[in-house]
> 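First, the structure itself, so that you have it in front of you.
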Amino acid sequence: MFTKAIVRKPAHTYANGISTSNLGKPDLNLVQKQHESYCEALIKCGLDLIILEPDPEYPDSCFVEDTAIVTKDFGIITRPGDPRRLGEEAEIKRVLEPLLKLHFIEKPGTLDGGDIMQADNNFYIGLSGRTNLSGSKQLKNILSDYNYDVFSIPVCNLLHFKTGVNYLGDNNLIVHEEFCSKDDFNSYNKIIVDTDEEYAANSLRINDFVIVPKGFPKTKSDIENLGYKIIELEMSEFQKMDGGLSCLSLRF
Ligand code: CIR
């Protein structure tokens, strides 16, 4: 059960962030509205929000998930893998320090929270363009000390591991085709997203709900058929900057 989340409002420099999509420039008014709806959805899921003010120096800083890994007992402050995002983690450290015992990923390690997926007692680390071997080894050492089982998985064609795979709980795993034949995931009930619904692989379970991006009816109904209550959110302005539902919060 999650009780809290950290979110950060999009800055007026948001459109200058990193993007590989060819979906056009984001609309600032709309991104702010979509962020407000996202916050309302988290509240509906039962979370108390810590809402951070925007930081125009870091256009990508609303994607707080990349700056930390949090559990109920401890947090790990990351070292974001794109140099343009290095430094975003300082504010998250400041906020988490009074709440949780903290560990840190150190140089030469790089690691983005978007590459880290927890599934009950297992943690999966995606080795992507953002998360390197040193970052992965450091994280593995920290998590092993807390008795988690830790696995690393190469990420070839996606920005982050969780762009393509997310654990819904109850042994249900939602997967992009890049990961669907991985032996590592054989023990899970896999919901494979269609190629034309890839973005919906980043759907987000929070307590009694699964938040699904709007516009992906097949994935939505597959998740609904598993018995989950659904909240649909318009994510167009985040998708333009390669961001998804999980990226916008740190839940614990
Ligand atoms: C970036 O490229 O870092 C941002 N524009 C998007 C980050 C999305 N974060 C995530 O998937 N965890």
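One-based numbering, in listed order, for ligands and for the atoms of each.
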> Counting only heavy atoms not in Lys72, do more than 12 fall under 6.0 Å of its NZ?
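Enclosed.
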> Considering only non-hydrogen protein atoms, determine which one is nearest to atom 10 (C) of ligand 1 and report residue, atom name and distance to 0.1 Å.
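Looking only at protein heavy atoms, the one closest to atom 10 (C) of ligand 1 is Cys247 SG, 2.8 Å.
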> Can you name the residues that form a side-chain contact (heavy atoms from CB on, under 4.5 Å) with Asn132, not counting sequence neighbours?
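So Asn132 forms a side-chain contact (heavy atoms from CB on, under 4.5 Å) with Thr110, Ser134.
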> Could you list the atoms of ligand 1 found under 4.0 angstrom from a heavy atom of Glu65?
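Near Glu65, the atoms of ligand 1 are 12 (N).
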> Is the distance between the ring centroids of Phe185 and Tyr124 less than 6.0 Å?
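Ring-ring flag for Phe185/Tyr124: true, centres closer than 6.0 Å.
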> Report the part of Asp60 in contact with ligand 1, treating N, CA, C, O as backbone and CB onward as side chain, heavy atoms under 4.0 Å; options are side chain, backbone, both, neither.
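Answer for Asp60: side chain.
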> Nearest protein heavy atom to atom 2 (O) of ligand 1, by residue and atom, and its distance?
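Atom 2 (O) of ligand 1 sits closest to the protein heavy atom Arg130 NH2, 2.9 Å.
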> Cation over ring, Lys229 on Phe209, under 6.0 Å and within 45°?
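Pair Lys229/Phe209 counts as cation-pi.
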> Would the Phe238 and Tyr38 ring centres measure less than 6.0 Å apart?
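No, ring centres 6.0 Å or more apart.
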> With heavy-atom distances below 4.0 Å as the criterion, list the atoms of ligand 1 near Asp242.
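Counting from 1, the qualifying ligand atoms are 6 (C), 8 (C).
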> For atom 9 (N) of ligand 1, what's the nearest protein heavy atom and its distance?
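Going atom by atom, the protein heavy atom closest to atom 9 (N) of ligand 1 ends up being Asp66 OD2, 2.8 Å.
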> Out of Gln239, Glu88, Met241, indicate the one that has the non-hydrogen atom closest to atom 6 (C) of ligand 1.
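Checking each option, the heavy atom nearest atom 6 (C) of ligand 1 is found in Met241.
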> Going by the atom numbers of ligand 1, which of them fall below 4.0 Å from some non-hydrogen atom of His160?
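Numbered from 1, ligand 1 contributes 9 (N), 10 (C), 11 (O), 12 (N).
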> Taking the six-membered ring for Trp, are His35 and Tyr14 ring centroids under 6.0 Å apart?
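Here the rings of Tyr14 and His35 have centres that are no less than 6.0 Å from each other.
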